[in-house]
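Read the numbers this way: they start at 1 and go in the same order the structure lists the ligands and their atoms. Residues: numbered from 1 along the sequence shown. No experiment lies behind these values; they were computed from the predicted model shown. These values consider heavy atoms only, across backbone and side chains, with no hydrogens, waters or symmetry-generated copies.
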Amino acid sequence: MAESSKITPERRGLMFVISSPSGAGKSTIANLLLKEDDNLKLSVSATTRERRSSEVDGVHYHFLSRDKFQKMVDGEEFLEWAEVHGNYYGTPKEFVENELEHGRDVLFDIDVQGAEQLKAKLPDDIATLFILPPSVLEMKNRLKTRATDSDEVILRRMKTAVGELEQWPNYEYLIVNEDLDKAYGQVKAILSSERMKQGRQEKNANLARKLYEDLIEETQNEI
Ligand code: ADP
Ligand code: 5GP
């Protein structure tokens, strides 16, 4: 057995789900987190949508045929899957389960349907965040500055964003991304405190139990 697989992690990993309407800054914040935090890995989804020229198979998505995707659905190889804008998207189960068991946290860029399925399946292992732009005007400006997208594409993304934004009540945390440093700081603070939650810190719970027992013994001896 490899040395690393013998190590029992101090805690189980956590699923950190970040969603947002397009243009709010989700990718910017997610990339900063992934770069800075060695204990956080991205869950690379499978999808049946066409690869964009900027995307790399296996890095941004696993690009699959509909047939292959359906075989994975039938084989129960997804933790969750959903149809989004006419294409299928799914989270491969094996990677996530392995990371969580080894005490590593997993970042998800998935839609609300996916977040709801993960919550139902693993309610103790999830934290959900929704990133908001400070205003529609700013969101539009960001979509314009981000890229090469035509006005028509930007309008289409903003129309899609109506449905995405409607989902905000389903998330535990709302972050306003006006000042990037501030928003990023808030996201990091949430990740940090989620990691410290009672049920995720077996080592601390064991210490609390031991302190309690030792204290009883100590005080009895004093009497
Ligand atoms: P999303 O992934 O939510 O669609 P991106 O992370 O791609 O959004 O951000 C959209 C654009 O806005 C990018 O050009 C990014 O550099 C810029 N951006 C992100 N956060 C801020 C911010 N707080 N202030 C100004 N521009 C920002
Ligand atoms: P895009 O095609 O622009 O990359 O993604 C479209 C939408 O699908 C985004 O809202 C994204 O968060 C969502 N998405 C990406 N991967 C998954 C996944 O594995 N499951 C679910 N449910 N949604 C996903």
Check: of Thr160, Asp111, Val84, min heavy-atom distance to atom 22 (N) of ligand 2 comes from Asp111
Is there at least one pair of N or O atoms, one from Gln113 and one from ligand 2, spaced under 3.5 Å apart?
no
re atom 16 (N) of ligand 2, the protein heavy-atom contact at minimum distance is Ser45 OG, 3.1 Å
Side-chain contact, heavy-atom cut-off 4.5 Å: Tyr89 with Val84?
yes
Looking only at protein heavy atoms, what sits closest to atom 4 (O) of ligand 2 is Tyr61 OH, 2.5 Å
Which of the atoms of ligand 2 are close to Ala82, meaning less than 4.0 Å from one of its heavy atoms?
22 (N)
Any nitrogen or oxygen of Asn177, main chain or side chain, under 3.5 Å from a nitrogen or oxygen of ligand 1?
yes
Short N/O distance, under 3.5 Å, between Lys26 and ligand 1?
yes
Quick check on Lys119: does its NZ atom have over 12 non-hydrogen neighbours (other residues, nucleotides or ligands) under 6.0 Å away?
yes
Taken in chain and number order and not counting sequence neighbours, the residues that satisfy ring pair (Phe, Tyr, Trp, His ring centres under 6.0 Å) with Phe108 are none
Proximal atoms of ligand 1 relative to Gly23 (non-hydrogen, under 4.0 Å)
1 (P), 3 (O), 4 (O), 8 (O)
Do Arg49 and ligand 2 have an N or O pair less than 3.5 Å apart?
yes
Is there a nitrogen or oxygen of Gly90 sitting under 3.5 Å from a nitrogen or oxygen of ligand 2?
yes
Is it true that Asp124 and Lys197 have a side-chain N and a carboxylate O under 4.0 angstrom from each other?
no
Atom 20 (N) of ligand 2: nearest protein contact (heavy atom, Å)
Glu80 OE2, 2.7 Å
Using modelled atom types and a 3.5 Å cut-off, is there a donor and acceptor pairing between side-chain atoms of Gln113 and backbone atoms of Glu83?
yes
Check whether any N or O atom of Arg52, backbone or side chain, sits under 3.5 Å from an N or O atom of ligand 2, and answer yes or no.
yes
Compare Thr28, Ile131, Leu32, Asn31 and give the one whose heavy atom is closest to atom 19 (C) of ligand 1.
Thr28
In plain terms, say whether Asp109 and Lys26 are close enough for a salt bridge, that is, a side-chain N and a carboxylate O under 4.0 Å apart.
yes
With Val17 as reference, evaluate Leu129, Leu107, Leu118 under the side-chain contact (heavy atoms from CB on, under 4.5 Å) test and give the passing residue.
Leu118
Ligand 1 atoms in contact with Ser20 (distance to a heavy atom under 4.0 Å):
3 (O)
Taking only heavy atoms of Ser22, which atoms of ligand 1 are found under 4.0 Å from at least one of them?
4 (O)
Do the charged groups of Glu55 and Arg49 touch, with an N to O distance under 4.0 Å?
yes
Per-atom filter on ligand 1: closer than 4.0 angstrom to a heavy atom of Glu178 are 22 (C), 23 (N), 24 (N)
Donor-acceptor side-chain pairing of Asp74 and Gln70 below 3.5 angstrom:
yes
Salt-bridged, Lys182 to Glu178, with N to O below 4.0 Å?
no
Electrostatic pair Lys188:Asp181 at N-O distance under 4.0 angstrom
no
Could you tell me whether the side chains of Tyr171 and Ser19 share a donor-acceptor contact shorter than 3.5 Å?
yes
Below 4.0 Å, non-hydrogen atoms only: which portion of Ser27 touches ligand 1? Side chain, backbone, both or neither.
both
Do the charged groups of Arg200 and Glu194 touch, with an N to O distance under 4.0 Å?
yes
Kindly confirm or rule out an N or O of Glu164 lying under 3.5 angstrom from an N or O of ligand 2.
no
If we number the atoms of ligand 2 from 1 as shown, the ones under 4.0 Å from a heavy atom of Gly114 are 22 (N)
Residue selection (non-hydrogen contact nearest atom 2 (O) of ligand 2) among Tyr89, Phe108, Tyr88
Tyr89
Which of the atoms in ligand 2, numbered in the order shown and given with their element, are less than 4.0 Å from a heavy-atom of Thr91?
19 (O)
Nearest non-hydrogen atom to atom 14 (N) of ligand 2 belongs to which of Asp109, Leu79, Leu118, Thr47?
Asp109
